[in-house]
J.: 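My questions all concern the structure below.
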Amino acid sequence: LAQSAARQTRVGIPAMAPAMKRPAARMSRIGAAQEPVLKKPAAASGPSGHVKNLCSQIAGAIRASPEYPDEVKHMLANTLIGTLAEPKEKRHAIQDSVIDMVRQVMESLKAAAQSKLDEAETKLETTFKENEERHKSVELAAATLEERIKTADAAKSEHAKSTSARVAAKEALALAEQEQATGNASLAVAEENKKRLETSMETIYGPLKSGEVPAAEVQDGIKQIEKLGKDLGFDMSLLQTVPAAFAKAPSDRGNFDLLVLSQIEAEFEKCLATFTDE
């Protein structure tokens with residue numbers, strides 16, 4: 001009995017009082033009595049390596065959070081093994097409270113990451129649209145250039161073949177110089193066109209460009225700009241881009257729209273210079 005009690009003490013089971021009955025011996029196959037086999041209690045085991053690794057990753061994320069003081073981040077990171085790594089059914093209410101704090105930090109990190117992702121996607125979409133507009137602008141400019149080259153080649157060929165056209169041009173130039181010298185109606189027409197252009201730039205083009213024209217009057221102003229451009233001989237491909245550019249609010253205009261406005265304004269200034277010289 002003393003040997004049995006000593007053996008039980010070694011494996012972590014308290015020794016029984018001498019008055020208690022000894023466990024019944026088991027019979028072996030040959031009928032000999034055998035001592036009862038006592039199982040050792042399972043050793044307590046901590047978190048697995050995988051769980052510790054996950055806790056380490058979460059701790060690193062918490063320490064990297066910019067929204068909380070360092071003391072708070074270190075406190076939460078150092079409690080993960082004793083809270084989050086503990087099985088749910090064994091957790092105390094205080095451990096659950098700490099885990100809720102950790103969850104709050106992780107959710108704030110998730111929200112910040114999502115915000116950055118959304119911002120990057122928006123920038124990418126904007127860049128893609130701007131590149132499309134640039135591509136269209138390049139294609140339009142190339143087509144315009146090709147058309148102008150064809151027109152110039154045709155004009156050169158016609159000029160080389162027709163001497164009578166050059167004579168007529170010289171006569172027209174001489175007539176224009178004579179009319180200018182005598183202050184005939186052509187000067188008055190030039191002055192009228194100049195005044196019309198200046199007035200239109202001040203009362204129509206300027207307000208349309210700055211966005212000061214009431215929404216109900218924008219389309220009418222665009223039509224006036226188109227008509228003025230046609231009367232002054234502006235390139236038709238340029239005039240075709242006017243409605244889309246002027247119909248947008250200044251803050252909504254892209255690079256292509258600003259390019260259109262710049263070209264229109266340059267044509268106006270060129271015409272004003274021509275009228276002033278005349």
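Note that the numbering runs from 1 along the sequence shown for the chain. Everything numeric in this text was worked out from a predicted model, so none of it was measured.
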J.: Using a strict threshold of under 4.0 Å (side-chain N to carboxylate O), is an ion pair present between K123 and E119?
T.: yes

J.: Are any of the side-chain nitrogens in K129 or E125 under 4.0 Å away from the carboxylate oxygens of its partner?
T.: yes

J.: Using a cut-off of 6.0 Å, state whether more than 12 heavy atoms not belonging to E192 lie near its atom CD.
T.: no

J.: List the residues meeting side-chain contact (heavy atoms from CB on, under 4.5 Å) with Q114, not counting sequence neighbours, and say none if there are none.
T.: L117, D118

J.: Is T79 reaching over with its side chain to a backbone N or O of L76, donor-acceptor style, under 3.5 angstrom?
T.: yes

J.: For I222 and A247, work out which heavy atoms get closest and say how close.
T.: CD1-N, 3.9 Å

J.: Would you mind checking if R103 and D100 are paired as a salt bridge, meaning a charged N to carboxylate O distance below 4.0 Å?
T.: yes

J.: Which other residues belong to the hydrophobic cluster containing V51, where Ile, Leu, Val, Met, Phe, Trp and Tyr are joined when side-chain heavy atoms lie under 4.5 Å apart, directly or via other members?
T.: none

J.: Looking at every heavy atom in both I62 and V102, which two are closest together, and how far apart are they?
T.: CD1-CG1, 3.8 Å

J.: Using a strict threshold of under 4.0 Å (side-chain N to carboxylate O), is an ion pair present between D231 and R196?
T.: yes

J.: Quick check for you: to the nearest 0.5 Å, what is the distance between L228 atom CG and C271 atom SG?
T.: 8.0 Å

J.: Under the rule for side chain to side chain donor-acceptor pair (under 3.5 Å), what residues qualify as partners of N78, not counting sequence neighbours?
T.: R63

J.: Quick one: which residue pairs count as a ring pair (Phe, Tyr, Trp, His ring centres under 6.0 Å) with a foot in residues 138-157, not counting sequence neighbours?
T.: none

J.: Over all heavy atoms of both residues, which pair between E67 and S108 is shortest? Give the atoms and the distance, please.
T.: OE1-CB, 3.7 Å

J.: If you look at every heavy atom in I204 and G221, which pair is closest and at what distance?
T.: CG2-O, 3.6 Å

J.: Let me have the donor-acceptor pairs involving side chains of residues 144-155, under 3.5 Å, with sequence neighbours excluded, atom names and distances please.
T.:
{"residue": "T144", "atom": "OG1", "partner": "L140", "partner atom": "O", "Å": "2.8"}
{"residue": "T151", "atom": "OG1", "partner": "E147", "partner atom": "O", "Å": "2.9"}

J.: According to the ring pair (Phe, Tyr, Trp, His ring centres under 6.0 Å) rule, which pairs have a member within residues 236-271, sequence neighbours left out?
T.: Y205-F246, Y205-F268, F234-F268

J.: Within the distance-only criterion (no hydrogens, no angle test), does the side chain of T126 pair as donor or acceptor with the backbone N or O of T122 below 3.5 angstrom?
T.: yes

J.: Is a side-chain donor-acceptor pair under 3.5 Å present for N131 with R134?
T.: yes

J.: Step through the shown structure and confirm whether more than 12 heavy atoms of other residues, nucleotides or ligands are within 6.0 Å of CD on E121.
T.: yes

J.: To check you understand the geometry: which heavy-atom pair defines the closest contact between Q95 and G82, and what is its length?
T.: NE2-O, 2.6 Å

J.: Is the backbone N or O of E133 less than 3.5 Å from a side-chain atom of S137, with the two atoms forming a donor-acceptor pair by type?
T.: no

J.: Tell me the closest heavy-atom pair linking E265 and K209, and the distance in Å.
T.: OE1-NZ, 3.0 Å

J.: Does CD1 belonging to I94 count more than 12 external heavy atoms closer than 6.0 Å?
T.: no

